[in-house]
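Have a look at the structure below before the remarks.
Predicted model only: the values in this text are computed from it and were never measured. Remember, it's 1-based here, ligands and their atoms both numbered in the order they're listed.
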Amino acid sequence: MSAVTQIPMVERVSELRAALDAARRDGGSVGLVPTMGYLHEGHQSLVTRSASENDLTVVSIFVNPLQFAEGEDYGTYPRDLDRDREMCAAAGAGLIFAPPTEEMYPQTPVTAVTVKGLNALLEGRFRPTHFDGVTTVVAKLFALFGPGRAYFGEKDYQQLAIIRRMTADLSFPVEVVGCPTFREPDGLAMSSRNVYLEPDERPAATVLWRSLQAGREAVVQGSRDPDEVEAVMAAVLAAEPKASPDYATVVDAATLDRPDVLDGELRLLVAAHLGRARLIDNVGVDCDRL
Ligand code: AMP
C-alpha cells in the first residue's frame with residue numbers, strides 16, 4: 001500500500017502570508033482555489049488546473065457563515081478535513097488554508113461587498129443574502145492572497161459571473177479562471193451537497209441535467225423563444241415527482257438577463273429541491289455556433 005501524500009495545512013493568516021511571500025520571493029506564481037471543503041473530483045479538477053498553471057496552488061477550506069441564511073445548512077454542511085487534505089495533495093496543491101471562523105472574522109464584520117443587480121437574480125431570488133456573503137468572503141480571501149490566479153467552477157455560474165464583476169470593479173490583482181463542471185457518469189453535477197440525497201433520490205437527481213439537455217436541444221432545434229425553452233425544461237422537472245423546482249430559465253450568458261428573443265451565447269440554469277438537498281446546475285449554448 002502506498003503512503004498517503006500529505007501537504008502542509010495552515011490555519012492562521014500570518015502563516016498563509018509567509019508561505020505566499022516565500023513562493024513569490026523567487027518569482028513563483030500562485031493559484032488559489034476557494035472551497036468549503038468536503039471535496040470531490042470537481043474541486044480536484046480546479047486544483048489540477050491551477051497546479052498546471054502556477055508554481056504554488058493554495059486550496060482554502062472555509063465554510064463561510066456569512067453566505068448561509070437562517071434555516072439553511074450551515075450547521076450540518078458536511079466536513080472531512082483529513083480526506084480533503086489527501087485529495088488536495090493528490091491533485092497537486094501545495095498548501096491548504098483552513099482558518100477557524102474567528103481567524104477570518106475576529107470581530108463581527110460590518111463591511112460587506114455587494115455586486116448590485118447580479119446578486120438579486122436567479123439564486124438571489126431564493127437566497128437574497130447569499131451572494132453578499134460570497135463576495136465579502138472572496139474579497140477577503142483575495143486581499144489575503146494578493147496577486148495571482150483564482151479558480152472557480154462554472155457549476156456555480158452566477159457566482160462566477162458575480163466574482164468576475166467584483167474583481168473588475170474593485171481592481172483586485174487576480175485573474176479569475178472559470179473551469180467546466182465535473183459530472184458523475186449519469187450527468188449529475190458533482191456537489192458536496194449530493195451527500196444529502198437518499199438512495200432513492202439519487203437517480204431522480206439526474207432530472208436537473210435532463211432538463212438542461214432538453215432545453216439546450218430545443219435551442220439547437222431552432223427555438224428562439226425563451227418561454228418555449230423554459231416550458232420544455234419545466235416539463236422535464238415536473239415529470240419527476242421527487243423534485244420540487246425553484247426555477248428553470250434561459251439567460252444571456254454575459255449579463256444573466258432574460259432576453260425577449262434568444263440570440264448569441266446563452267446559459268440555461270435550473271435549481272430544484274430533492275428531499276433535503278437543494279441542487280443547482282447549468283449549461284451553455286451558443287446560437288451563433290449551431
Ligand atoms: P464549494 O466548495 O461548493 O463552495 O465549491 C468550491 C469551488 O468548486 C467553486 O468554485 C465551485 O464552483 C467549484 N465546484 C463545485 N462543484 C464543481 C463541479 N462539479 N465541477 C467543477 N467545479 C465545481
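A salt bridge is absent between Arg258 and Asp252; no separation between the charged side-chain nitrogens and carboxylate oxygens falls under 4.0 Å. A salt bridge is defined here as a Lys NZ or Arg NE, NH1 or NH2 lying under 4.0 Å from an Asp or Glu carboxylate O, and Arg278 with Glu123 meets this definition. With salt bridges taken as basic N to acidic carboxylate O contacts below 4.0 Å, none links Glu198 and Arg202.
Taking 4.0 Å as the cut-off, His40 counts as a neighbour of ligand 1 on heavy-atom distance.
Using a 4.0 Å cut-off between heavy atoms, Pro180 contacts ligand 1 through its backbone alone, with no side-chain atom that close. Of all the heavy atoms of Met36, the ones lying under 4.0 Å from any atom of ligand 1 are found in both the backbone and the side chain. At a heavy-atom distance under 4.0 Å, no atom of Leu160 approaches ligand 1.
Here is the list of ligand 1 atoms found below 4.0 Å of a heavy atom in Leu46: 7 (C), 8 (O), 10 (O), 13 (C), 21 (C), 22 (N). Remark: ligand 1 atoms within the under-4.0 Å shell around heavy atoms of Pro34 are 6 (C), 7 (C). Interface of Phe152 with ligand 1, defined as ligand atoms under 4.0 Å from a residue heavy atom, comprises 10 (O). Listed by number with element, the atoms of ligand 1 under 4.0 Å from a non-hydrogen atom of Met190 are 16 (N), 17 (C), 18 (C), 19 (N).
In this structure, the ring of Phe62 has its center no less than 6.0 angstrom from the ring center of Phe97.
Among all protein heavy atoms, the one lying closest to atom 10 (O) of ligand 1 is Gly153 N, 2.9 Å. Here the heavy atom of the protein found nearest to atom 23 (C) of ligand 1 is Lys155 CB, 3.9 Å. Protein heavy atom at the shortest distance from atom 20 (N) of ligand 1 is Phe182 N, 2.8 Å.
In this structure, Arg165 places its CZ atom where only 12 or fewer heavy-atom neighbours from other residues, nucleotides or ligands lie under 6.0 Å away.
Comparing Glu154, His43, Glu41 against atom 8 (O) of ligand 1, the shortest heavy-atom distance belongs to His43.
At a 3.5 angstrom cut-off on N or O pairs, Asp156 counts as close to ligand 1.
Criterion: ILVMFWY side-chain heavy atoms under 4.5 Å apart, direct or through other members. Under it, Leu20 and Tyr151 are not part of a common hydrophobic cluster.
Ring pair Phe142/Phe172 is perpendicular by interplanar angle, where above 60° counts as perpendicular and below 30° as parallel.
No donor-acceptor pair closer than 3.5 Å links the side chain of Asp281 to the backbone N or O of Leu208.
Both tests pass for Arg24 against the ring of Phe145: distance under 6.0 Å to the centre and angle within 45° of the axis.
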